[in-house]
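Below: one structure, written as structure tokens.
Numbering of residues begins at 1 and proceeds along the displayed sequence. All values reported here derive from a predicted model rather than from experimental measurement.
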Amino acid sequence: MLDDAGAQTEDRSLSRVDVAFARFLSQRTTFDAAQKQAFENIVMSVSYEQNQGHSCIQIDEEARALVLASGLAVLSGQPMSKLPLVVEQDRLYLHRYWFYENRLAMQIREMTKISHSVEKLDAMLDRYFGPVVGETDDQREAAKMAVKQTFSIITGGPGTGKTTTVVKILAVLQELADEPLHIALGAPTGKAAMRLQESIGSNKSALPCSEAIKKHIPETVTTLHCLLGAKPPSPYFRHNADKPLIYDLVVVDEASMVDLALMSKLLDALKPGARLILLGDKDQLASVESGEVLADLTAALPEHTLELKKSHRFDENIKKLAEAVNLQQEDVAWQVLRGDDENSAVLDPDLVDYVAGQQAEYLRLITAGAGFDEIYRAFSRFQVLCSNRQGKNSVADINYRVEQRLAEQKLINLSGLWYSGRPVMVTENNATLHLYNGDIGLCMPDKEQAGKLMVFFQRADGSVKKYLPARVSQCETVFAMTIHKSQGSEFEEVLIVLPEAINPVLTKELLYTAITRAKKTIRLVVDEAVFNATVRQKVVRTTGLVDKFKTQV
């Protein structure tokens, strides 16, 4: 973004806020016109890059000197003031994001200093994981690490047993505790919370411990915003350093989706001495907002991280495809797609016909008057994932074309915005209705109200909530969704649709995330050249979090 003189090249994606913010700051300097312009360019760059997911930008010596001379920046290590910019080595931050990053590193560093000595732990782990025979059991090693440490990370791809392992860890910790531990289970989205809750519930009954221990292992999972007590529309939470959470242990699933600000606020809200276990796939897409916290923490704290590598869920070809993409081996990945295995292939039939055919089952179940659980399972079996929201082969394009095709086939009636069978995704949090960004519902006739259309949502505890369509105003049709929105979900079959030309959104992390949503079957609509370019393109975010663990005392 910056050349050697600190000047910014023309970038049409700069927002009006980026430009206005930079101008606002430059007007408060005593620079001459040329210096003001150079300073504006630097500020526009840090504002723009922060919105692209970076927590800071790198600057050269000339830019560094100019920023410090502005009177609007403080040098890291000096007494902090309310100045809007912070310079740290060769990095420039907006003050808020420097604070989040610095505070997070400090908090975790303090947690890593606390370890726990446990007698006869191996005997207890033998009971939960079986005795060690032959090769190392990664799940057992992850449990040993988490029991002995206050802060730990368990990472690994889908199906490697992260939640299975953490349920056993919770049982071990409850057995070891003098008094029952207060445990909170959290996830960044409602969908991720629902999946973790289902996994905890299904694994708890098989634990080799007493019913008294099982009773103290919670099954309810909440979103992190609910856990911390969101106070919309403000960015603040009810729980913070002054009013910490009551829990002795907090477990966070899908931690790769947690951004820098939210992770920092979570650490702020932990009571002194509380444990934290992060679960997630470090190779997935980073958070939509600033930072790549999970990846940075695994890189900075290898002694507090254990990666589970053996997948127990994937179709073998899907696993092979995901690994090849993650390792950026485009030739190997393309060969998998063009092989003889029908579970991993490039789609040959017409895209819209294929999608419409996949949706027919749940629509017919609605017409037949089946129960919501059966209908929702049929709908959730298959999902179209797109890289882009707009343009050809985008979410908007496919949703429109599929709706038209289903209407032609008389499977839906497009007489208005709301129709029987319309699948929707909530796009904004609504704490009043207990609906959250990413929640998926189905519009269908309500038998209890003489066939009146209602929107039904399945909750994490298995219960079903229904709302009048007019109350679910912030939503969009979801025959197709973005890959970003699919994080925390899994489907039996996934159809990945990429555009006809490479663009900056297409990265190996995006493709890996999409592939690993599928349990049994994966199809792709993509040109070979675009596929190969996507695998070669890697997300690189500029942060200072890893360096802070090297330099903090």
Side-chain angles (χ1 to χ4, degrees), residues 53 138 155-160 256 280-286 292 294-295 298-299 307-351 354-355 382-388 391-395 398 480 482-484 486-487 489-541:
D138 286 342
T155 185
T160 52
S256 64
D281 186 346
K282 64 181 176 58
D283 297 316
Q284 276 190 35
L285 282 167
E292 48 179 2
L294 185 66
T298 58
E307 182 176 2
L308 306 180
K309 296 179 179 178
K310 184 177 180 181
S311 178
H312 304 275
R313 183 198 307 158
F314 273 155
D315 170 88
E316 190 60 33
N317 253 35
I318 294 178
K319 179 182 178 182
K320 204 182 300 183
L321 178 62
E323 289 176 347
V325 168
N326 193 38
L327 295 171
Q328 296 185 283
Q329 298 170 340
E330 65 262 31
D331 292 341
V332 175
W334 189 254
Q335 285 171 11
V336 172
L337 287 175
R338 279 307 189 186
D340 297 329
D341 193 323
E342 293 185 355
N343 288 339
S344 308
V346 174
L347 183 71
D348 291 324
D350 177 79
L351 165 62
Y354 186 80
V355 177
F382 169 82
Q383 185 61 54
V384 181
L385 304 181
C386 303
S387 58
N388 294 74
K392 187 174 180 182
N393 285 353
S394 67
V395 167
I398 292 174
T482 62
I483 296 167
H484 274 92
S486 74
Q487 286 182 273
S489 300
E490 64 179 20
F491 312 93
E492 286 187 28
E493 178 177 347
V494 164
L495 174 63
I496 302 170
V497 183
L498 301 185
E500 295 177 337
I502 191 70
N503 65 56
V505 170
L506 300 177
T507 63
K508 69 106 170 175
E509 289 85 0
L510 186 85
L511 187 53
Y512 171 84
T513 300
I515 292 166
T516 54
R517 299 310 91 205
K519 290 169 65 177
K520 294 181 179 178
T521 307
I522 193 148
R523 300 273 188 275
L524 272 85
V525 176
V526 63
D527 175 77
E528 182 179 1
V530 172
F531 179 86
N532 290 340
T534 300
V535 176
R536 288 194 297 267
Q537 195 157 271
K538 179 175 168 49
V539 172
V540 178
R541 284 192 171 178

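Among all heavy-atom pairs drawn from Ile502 and Ala533, the shortest one is CD1-CB, 3.7 Å. Closest heavy-atom contact between Ala324 and Val332: CB-CG1, 3.9 Å. Minimum heavy-atom separation, Thr516 to Ala322: CG2-CB, 3.9 Å. Closest heavy-atom contact between Ile398 and Ala480: CG2-CB, 3.9 Å. Listed here is the closest heavy atom pair of Arg338 and Asp348: NH1-OD1, 4.1 Å.
Interatomic distance, Ile522 CD1 to Leu495 CG, rounded to the nearest 0.5 Å: 9.0 Å. Rounding to the nearest 0.5 Å gives a distance of 13.5 Å between SG of Cys386 and NE2 of His484. How far CG of Leu337 is from CD1 of Ile496: 8.5 Å, rounded to the nearest 0.5 Å. Distance check: Leu385 CG to Thr482 OG1 gives 8.5 Å after rounding to the nearest 0.5 Å. We find the OG1-NZ distance between Thr160 and Lys319 to be 10.0 Å, quoted to the nearest 0.5 Å. Atom-to-atom distance recorded for Lys282:NZ and Glu307:CD is 4.5 Å, nearest 0.5 angstrom.
Within the 4.5 Å cutoff, the side chain of Arg517 has heavy atoms near those of the Pro158 side chain.
Partners of Ala345 under the side-chain contact (heavy atoms from CB on, under 4.5 Å) rule, at least two apart in sequence or in another chain, are Arg523. Residues meeting the ring pair (Phe, Tyr, Trp, His ring centres under 6.0 Å) test with Phe531, sequence neighbours left out: Trp334. For Asn503, the side-chain contact (heavy atoms from CB on, under 4.5 Å) partners are Asn388, Pro499, Val505, Leu506, not counting sequence neighbours. With sequence neighbours excluded, the residues satisfying side-chain hydrogen bond (donor to acceptor under 3.5 Å, both in side chains) with Gln284 are Gln487. Shown here are the salt bridge (Lys or Arg N to Asp or Glu O under 4.0 Å) partners of Lys310, two or more places apart in sequence or in another chain: there are none. With sequence neighbours excluded, no residue forms a salt bridge (Lys or Arg N to Asp or Glu O under 4.0 Å) with Glu323. Taking Asn326 as the reference, Asp283, Lys508, Tyr512 meet the side-chain contact (heavy atoms from CB on, under 4.5 Å) condition, with sequence neighbours excluded. Every residue was checked against the side-chain hydrogen bond (donor to acceptor under 3.5 Å, both in side chains) condition with Lys309, not counting sequence neighbours, and none meets it. Contacts of Arg536 classified as salt bridge (Lys or Arg N to Asp or Glu O under 4.0 Å), with partners at least two apart in sequence or in another chain: Glu330. The side-chain hydrogen bond (donor to acceptor under 3.5 Å, both in side chains) test applied to Glu500 returns Lys392, not counting sequence neighbours. Annotation: side-chain contact (heavy atoms from CB on, under 4.5 Å) contacts of Ser489 (sequence neighbours excluded): Lys191, Phe491. Partners of Asp350 according to the salt bridge (Lys or Arg N to Asp or Glu O under 4.0 Å) rule, which considers only residues two or more places apart in sequence or in another chain, are Arg405.
No donor-acceptor distance shorter than 3.5 angstrom exists from the side chain of Gln383 to the backbone of Val494, with no hydrogens or angles considered.
Of the residues listed (Leu510, Val325, Leu498), the one engaging Thr534 in a side-chain contact (heavy atoms from CB on, under 4.5 Å) is Leu498, and it is the only one.
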Exercise. Stepwise, does the side chain to side chain contact (heavy atoms under 4.5 Å, CB included) test hold for Val384 with Leu351?
Worked result: CA-CA 10 Å; Val384 181; Leu351 165 62; 5.5 Å; no
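Using a cut-off of 4.0 Å between Lys/Arg side-chain N and Asp/Glu carboxylate O, Glu509 and Lys538 are scored as salt-bridged.
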